[in-house]
Protein chains: 2
Amino acid sequence: MATLKELAKLLNISVSTVSKALNDSHEISEITKRRVNELAEKVNYKPNRIAQQLKTNKTKTIGVILPKVTNPFFAEVLHGIETTATNSDYDIIVCLSNESFEKEQRSLELLSNGSVDGFIMAVARDTQVKEQSEHIKAAIASKIPVLMFDRVINEIICNKVIVDDFKSVYEATEFLIKKERRKNILLVSNVEELSVGKLRIKGYQKAIEEAKLQSQILKLANVDDVDESVYNYLKDNTGIDAIISIDHITGIIAINMAKKLGRSIPDDLSIIGFGYEHTHLLASPKISIIHQKAFEIGEVAVKLLIEQLNDEEHQQKTLIVPSELKLWESTKN
Amino acid sequence: MATLKELAKLLNISVSTVSKALNDSHEISEITKRRVNELAEKVNYKPNRIAQQLKTNKTKTIGVILPKVTNPFFAEVLHGIETTATNSDYDIIVCLSNESFEKEQRSLELLSNGSVDGFIMAVARDTQVKEQSEHIKAAIASKIPVLMFDRVINEIICNKVIVDDFKSVYEATEFLIKKERRKNILLVSNVEELSVGKLRIKGYQKAIEEAKLQSQILKLANVDDVDESVYNYLKDNTGIDAIISIDHITGIIAINMAKKLGRSIPDDLSIIGFGYEHTHLLASPKISIIHQKAFEIGEVAVKLLIEQLNDEEHQQKTLIVPSELKLWESTKN
DNA sequence: TTGTATGCGTTATCAT
DNA sequence: ATGATAACGCATACAA
């Protein structure tokens, strides 16, 4: 790779002149700028990013720590993060915690050595269960901003981007009750252990209570054969006329099991799940979803973090990205 | 962040002594090492990664360029890459081309300024369709190793990690013919435009020809309503007794549409698709898949690239990660 | 065993 | 308008 020094030698001028010429300084004559730029073009000179980083003490890089990239929600958030970061001239270094506290902690520590200007993260399931937070506080204490999204830790003060978990499920449940006139609504979940899962369940319960209906919850986070559990539950509780799933898997499974039991969807049984992008493609009838705007979450997160990076006085905020109820055939009549 | 200089001043010794002590040099006395390490621990000293990179001219970072991270195959490959890279003490910078040639090109250029030691990439659909390759050749020419996986460009000489596309589909088709005694096997696809899609189709065709059967291919890459197309095709061709899908979507759709048409799976109709990790969870009956070992692909890719980075004399190789036919209820009797 | 000096590639300050 | 020099934080060759 060509360096300033090499360009300078080839042109018989000093390094600093070359540097200034390339940065279009007014101190440099047009003729010199032309000569320098032509040569730079010819040898395909690119300023060494590492050297610039050392000099400016800014990496223009964001550390992104995700629990699991095979979860389509996080994949889509990553898409939003990458797009927005690139547009803002930032790189992203990606680490996956695999829902493990130890891995999350290690990643955070490793990147806290000047590799990144700030972090965007959703905490691991393990971290939430163990109620750990020191590792994140440590990063913040060493002046590296951390932004948490989706799964957040309340006691930590930092920028946050969250989904309206409570409200969206409350409204979806209300929709089933008031518009669809359903009376036996089952909630199925494999995320009941997460902060977001707890909020979603609360939203469901509030709507159910207000309508003086009976709350019914099927928890599947630690179940081996989810298909079987759902199948059996539906078989034993034939009165169920609606299902709300609070994750991106169990709603589709519910559709499949209900069909297997000969239930007619949506006439006999309305189903609403959570989803992103192409989730509905994989279900038949197409599943209605509470659509989390995952891409937008990533987008908003990057913008907010960069805002903080550019402003010492920045005030910590919590932004809410509203979800959208998308009705498909599984509820539409 | 604490620096060597600060530690040195606090201890009244020289910077180089501190540096050597932290690197456990034999030149330094145990007593000094202890003093240094204790202070470093106390002030939470971490060597500045950027400075190390500038010094050693190695970033210990791999640039990863993926066409789409919301595709579960690439998400799982990324998982394998991240895990292996972390274990080998490498970071990864992730860029998404979104199947666009321009974005891919830009990412490659931007990171070719010393930001990474090498690249791992799968080329964008757009790049394959337009048959572009200069941008990749440019990176290789400037001495940054590039490893291509899954979707590769034949004319470029570099390390490659590929799947046995031809063989796996050939064998799956053969399985349907010989073991399942199927005679009207339909191939459905939404990847017929890609290098991998073409190979998979060839594998199907070879098996079909050898058995003197009739080749039937339903191409869906540019179709709007995939459900409808599949539904109509199956309705109009009631003789079909097996389906092989060469992507991770259309197989599940085929199951759903076949059920809708009252076909009994697998007795009446065997279905095999492509899949990764939890694909089968979303289908009922659980879909049989040609399981691409996506995690392993990522793992092998990182190891091979690092091998090259550590060895000037490295010979370019093409490694094949074999797929595995995983039978579930949709073919089992 | 410890310390001094140099350089990685860049930018910025201060001469000339 | 151009050039010399220092500095970012670290590692290392060479002195002492």
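Just so we're on the same page: letters track the sequence lines, and every chain starts at 1.
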Reckon B:S19 touches a base, only the sugar-phosphate, or nothing at all at heavy-atom distances under 4.0 Å?
base
Atom NZ of B:K55 and atom P of D:dC10 are separated, to the nearest Å, by 12 Å
Minimum heavy-atom separation for A:V123 to A:R151, with atom names?
O-NH1, 3.1 Å
So what does B:T56 hit on the nucleic acid, given a heavy-atom distance under 4.0 Å: a base, only sugar-phosphate, or nothing?
nothing
Which whole-number value in Å describes the distance from B:K5 NZ to C:dT4 C1'?
15 Å
Examine the side chains of A:T59 and A:D117 and answer whether a donor and an acceptor come within less than 3.5 Å of each other.
yes
Under 4.0 angstrom, heavy atoms only, what part of the nucleic acid is B:I50 near: base, sugar-phosphate, or nothing?
nothing
Tell me whether the side-chain N or O atoms of A:K20 pair up with the base of D:dG3 as donor and acceptor below 3.5 Å, since no angle test is needed here.
yes
A:Q52 side-chain proximity, nearest of D:dT2, C:dG9, C:dT10:
C:dT10
Between C:dT10 atom C1' and B:Q53 atom CD, what is the distance in whole Å?
15 Å
Is any side-chain N of the basic residue among A:E193 and A:R125 closer than 4.0 Å to the acidic one's carboxylate O?
yes
Under 4.0 Å between any heavy atoms, over every strand shown, what does B:S16 touch: base, sugar-phosphate, or nothing? Just pick one.
base
When rounded to whole Å, the CG to P distance for the pair B:N48 and C:dC8 reads 18 Å
Quick one: A:K33 NZ to D:dT2 C1', roughly how many Å, whole number?
13 Å
Can you give me the closest heavy-atom contact between A:V321 and A:K293, atom names plus distance?
CG1-CB, 3.9 Å
